[in-house]
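Some notes on the structure that comes next.
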Amino acid sequence: MPPAAPERSDFIRDIVAADVAARRVETAITRFPPEPNGYLHIGHAKSICLNFGIAGEFGGRCHLRFDDTNPVKEEQEYIDAIERDVRWLGFDWGAHLYHASDYFEQLYDWAVHLVRNGDAYVDDLSADEIREHRGTLTEPGRDSPWRDRPIVESLDLFARMRAGEFPNGARVLRAKIDMASPNINLRDPVLYRILHATHPRTGDAWRIYPTYDMAHGQSDAIEGVTHSICTLEFEAHRPLYDWLVEHLPVPSRPRQYEFARLNLTHTVLSKRLLLRLVTEGHVRGWDDPRMPTISGLRRRGFPAEGIRDFATEIGVTKADTVVEIGQLEHAVRDVLNRVAPRRFGVLDPLKLVIENYPAGQVEEMDVVNNPEDPSAGSRTVAFGRELWIERDDFLEEPPPKFFRLAPGREVRLRAAYFITCREVIKDAAGRVIELRCTYDPATRGGDSPDGRRPKATLHWVSAAHAVPAEVRLYEHLFTPPDPGADGRDLLADLNPDSETVVTGARLEPSLASAPVGEPVQFERLGYFCADPDSRPGALVFNRTLTLKDTWAKLQAKA
RNA sequence: UGGCGCGUGGCCUAACGGUAUGGCACCUGACUCUGGAUCAGGGGGUUCCAGGUUCGAAUCCUGGCGCGCCAGCCA
């Protein structure tokens, strides 16, 4: 667990602090309760940071509990991915790994307890009939004809449900609360349903499974959870949460608090929609670098620290809001700028020949690794007569405010020499294919003895030394900030340029051994990291984010 | 329509009856061997509206308006 630095406070932390001060609880025991039916995304990260963060700050603990009450949707693959992602985010549940399925026997006993007390009954109505009886938002529901059947009969039927005597949907166990409640969740909610399905953990031991409402609060109580923090859509369930905890002999009394889930522009945060993108092949998988999943962000190169910083910066409230994705990107750049070693990489190479540089000569130029971090030291990069520079660092007819290379103009090659463009060579189609330049030997290292200061500094790689690579450039997954809004088809909002694969990049040789996922900055371009697809001799890099680019901004305005 | 919740500059957020906080974004300028980073400064708010209580209201009350959630044997 990361150091429990004092986080900014929020209404939930205020409640916890007050509870601790009033000795209502000894400490904060929270839990992160994912359902293993998909991959975790940045919205879950907000919840993870909140739950583990609070536990850390108050010297309590946070459990990882899988809410695995619906075997028809849940899979082991998701369980594994969730554990990996929470750990990668920087959190540790220690020995406190739990599953709602661990409590199935206890939950069953408690269900029997409810029946014995006349607080629950077996209902023979079909799903359709139950819906019909439930009433509507404005009309009260009607009692099921089975609502007052003898307790012994319900007991017998419930036992036989467990034994697997009835098919799916034949009967359910319902709480007996109030069919006229204005809160629909209190109109005799279903507690158990028959599901002849194999569970990832309990196998075929059970033919009935508890619903979320029956399982969640009771699991909290079993684990001694003090503050059960969930998202706003469960607000209407809180009266039921409380009802169950009050009608059952549970060992502790947890309280539920709700906060607003995260919404982000230019993406979607719904497991259903993310699953659709995966299954329909619009992305490379759950961990596609464009996905807002934790594993996607990781593959993209977003550091865990940046995600955590983002979570604290956006705060925790009950207001349903949409955060600009730029705020996430800012938190990520902030970390990357501090930690990413700088390297040279040319995405769209243009050959540059230095006519007065001796053929065959190679100089090892000393280049600082990170101007933000002197302790990162420096490295050596080979320089020679033939180089690659970025094609858009040259313009034959430079517009005003374009400071880079142009015919007759002198610029600095970073940590190397000043060069002047003498001649532009084009192919038959008129495309620039080579620049002939001269260099000033007196400017070795990048400074001139006479104080000349070029307006631009270019990155470069030696043509004789550079290694080729594929580079995948990523942008927002969706073009509009609110994909699928106003009844638009989600797919129509996909950004056709969300991934651009560049195949002819040339990188400085040290990048050939860059570990997968380790962030580097390609100077002047952005932050990158090697993709898991990368192989020796077939390097693949992902662009995590571009650097802020005021020139690009100027161009966009024009 | 019934219940519950929420409305503070473009976005997020603070304020706990004392005269609108901070971050992101935006705009200047300085500095710079990354048009990066950094630093300095700046613009932008009838705190959803209308009443009321109070010496004083973003905060409390009433009534509107807007938005979100709830009618799965999903979570």
Side-chain angles (χ1 to χ4, degrees), chain A residues 8-10 14 33-35 37 67 69-70 72-74 123 125-127 130-132 134-141 168-174 181-187 189-195 208-209 211-213 215-216 230-239 258 260 265 271-272 310 313-331 333-334 337-338 342 344 367-368 370-372 401-404 412-416 418 443 445-447 453-459 481 521-526 546-554:
Chain A
R8 55 182 291 181
S9 200
D10 54 64
D14 289 347
E35 183 191 11
N37 67 343
D67 228 331
T69 57
N70 187 358
V72 319
K73 285 187 173 178
E74 297 155 8
D123 194 343
L125 255 29
S126 70
I130 287 181
R131 188 182 322 116
E132 247 175 74
R134 189 153 27 225
T136 68
L137 295 177
T138 50
E139 306 154 24
N168 288 353
R171 293 176 228 267
V172 292
L173 183 76
R174 292 229 259 170
S181 172
N183 181 343
I184 293 184
N185 297 114
L186 260 22
R187 321 242 263 228
V190 171
L191 264 22
Y192 266 90
R193 73 283 213 192
I194 298 169
L195 244 36
I208 56 173
Y209 292 91
T211 56
Y212 165 87
D213 291 301
H216 203 94
C230 61
T231 43
L232 251 26
E233 64 270 28
F234 293 102
E235 210 161 18
H237 289 246
R238 186 170 6 114
E258 312 87 14
T265 61
K271 284 198 225 172
R272 195 190 106 248
F310 170 70
E313 282 161 17
I314 57 173
V316 178
T317 68
K318 298 192 74 157
D320 185 14
T321 57
V322 183
V323 178
E324 290 176 347
I325 200 164
Q327 196 161 347
L328 204 213
E329 295 169 346
H330 168 267
R333 283 197 182 93
D334 209 44
N337 177 50
R338 276 190 348 254
R342 266 111 255 222
F344 291 162
V367 189
V368 65
N370 186 347
E372 300 295 311
K401 297 204 176 162
F402 180 85
F403 305 141
R404 282 110 95 148
R412 172 167 40 224
L413 293 180
R414 171 114 231 240
F418 292 5
T443 56
D447 284 304
R453 304 174 130 211
K455 291 202 76 172
T457 300
L458 271 40
H459 61 280
Q521 182 193 106
F522 290 2
E523 289 212 27
R524 303 208 305 134
L525 297 179
T546 61
L547 254 25
K548 284 209 287 186
D549 187 344
T550 52
W551 168 243
K553 191 187 281 184
L554 271 178

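Atom set for the values below is all heavy atoms of this structure, side chains included, hydrogens, waters and symmetry mates excluded. Each chain gets a letter, A, B and so on, in the order its sequence line appears, and its residues count up from 1. This structure is a prediction, so every number in the text was calculated from the model and none was measured.
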So, is A/Lys401 near the phosphate of B/G35, with a side-chain N or O under 4.0 Å from OP1 or OP2?
no
Should A/Lys73 and A/Glu35 count as an ion pair when the cut-off is N to O under 4.0 Å?
no
The side chain of A/Leu137 is closest to which nucleotide in this list: B/A71, B/C12, B/C74?
B/A71
Does B/G35 have A/Phe403 stacked on its base, where the ring centres are within less than 5.5 Å and the planes differ by under 30°?
yes
If you look at every strand shown and take non-hydrogen atoms under 4.0 Å, does A/Val172 touch a base, only sugar-phosphate, or nothing?
base
Tell me whether the side-chain N/O atoms of A/Arg342 come closer than 4.0 Å to OP1 or OP2 in B/A37.
no
Picking from B/C24, B/C12, B/A75, which would you name as closest to the side chain of A/Tyr212?
B/A75
With rounding to the closest Å, how many angstrom separate the C1' atoms on B/U53 and B/G63?
15 Å
For the pair made of CD in A/Glu233 and C1' in B/G72, what is the distance, rounded to whole Å?
14 Å
If you look at every strand shown and take non-hydrogen atoms under 4.0 Å, does A/Val368 touch a base, only sugar-phosphate, or nothing?
nothing
Positive for side chain to side chain contact (heavy atoms under 4.5 Å, CB included) with A/Thr265, one of A/Val323, A/Ile325, A/Leu328:
A/Ile325
Return the value, rounded to whole Å, for the distance between atom CZ of A/Arg238 and atom P of B/C69.
18 Å
What about A/Glu523, does its side chain sit under 3.5 Å from the base of B/G36 through a donor-acceptor pair?
no
Pairwise C1' distance for B/U38 and B/U46, with rounding to whole Å
38 Å
Would you mind classifying the nucleic acid contact of A/Leu191 as base, sugar-phosphate or nothing, using non-hydrogen atoms under 4.0 angstrom?
nothing
Looking across every strand, which nucleic acid part, if any, lies under 4.0 Å from A/Arg453 by heavy atom: base, sugar-phosphate, or nothing?
sugar-phosphate
Spacing between A/Phe234 atom CZ and B/G3 atom C1', to the nearest angstrom
18 Å
When the C1' atoms of B/U8 and B/U47 are considered, how many whole Å apart are they?
4 Å
Any side-chain N or O of A/Arg8 below 4.0 angstrom from OP1/OP2 of B/G23?
no
Is A/Thr550 close enough to B/G36 that one of its side-chain N or O atoms is under 4.0 Å from OP1 or OP2 there?
yes
Under 4.0 Å, heavy atoms only, any strand: does A/Thr69 hit a base, just the sugar-phosphate, or nothing?
sugar-phosphate
Check this one for me: any side-chain N or O of A/Thr317 less than 4.0 Å away from OP1 or OP2 of B/U13?
yes
Ranking B/G36, B/A75, B/G72 by distance to the side chain of A/Arg131, first place goes to B/G72
Reckon A/Pro33 touches a base, only the sugar-phosphate, or nothing at all at heavy-atom distances under 4.0 Å?
nothing
Counting the atoms with a prime plus P, OP1 and OP2 as sugar-phosphate, which does A/Asp14 contact under 4.0 Å by heavy atoms, base, sugar-phosphate, or nothing?
base
Looking across every strand, which nucleic acid part, if any, lies under 4.0 Å from A/His237 by heavy atom: base, sugar-phosphate, or nothing?
base
Mind checking if A/Gln521 touches a base, just sugar-phosphate, or nothing, with heavy atoms under 4.0 Å?
base
Select one nucleotide: of B/A75, B/U34, B/C73, the one nearest the side-chain heavy atoms of A/Arg524.
B/U34
Is A/Arg134 close enough to B/C73 that one of its side-chain N or O atoms is under 4.0 Å from OP1 or OP2 there?
yes
Has A/Trp551 got its ring stacked on B/G35, by the test of a centre gap below 5.5 Å and a plane angle below 30°?
yes
Side chain of A/Thr321 only, heavy atoms from C-beta on: which candidate in B/A75, B/U13, B/G36 is closest?
B/U13
Over all strands shown, is A/Ile314 touching base, sugar-phosphate only, or nothing at heavy-atom distances under 4.0 angstrom?
sugar-phosphate
What is the distance, rounded to the nearest whole Å, between atom CG of A/Asn337 and atom P of B/G35?
14 Å
Report which part of the nucleic acid A/Gln327 touches: base, sugar-phosphate, or nothing (heavy-atom distance under 4.0 Å, all strands).
base
Which part of the nucleic acid, if any, lies within contact of A/Asn168, taking any heavy atom under 4.0 Å across all strands shown: a base, the sugar-phosphate backbone alone, or nothing?
nothing
To the nearest angstrom, how far is A/Lys455 atom NZ from B/C31 atom C1'?
14 Å
To the nearest angstrom, how far is A/Arg333 atom CZ from B/G23 atom C1'?
16 Å
Could you tell me how far apart A/Asp320 (CG) and B/C11 (C1') are, to the nearest whole angstrom?
14 Å
With the side chain defined as heavy atoms from C-beta on, A/Asn185 is closest, among B/G72, B/G36, B/C70, to B/C70
Counting only side-chain N and O atoms of A/Arg338, is one of them less than 4.0 Å from OP1 or OP2 of B/G36?
no
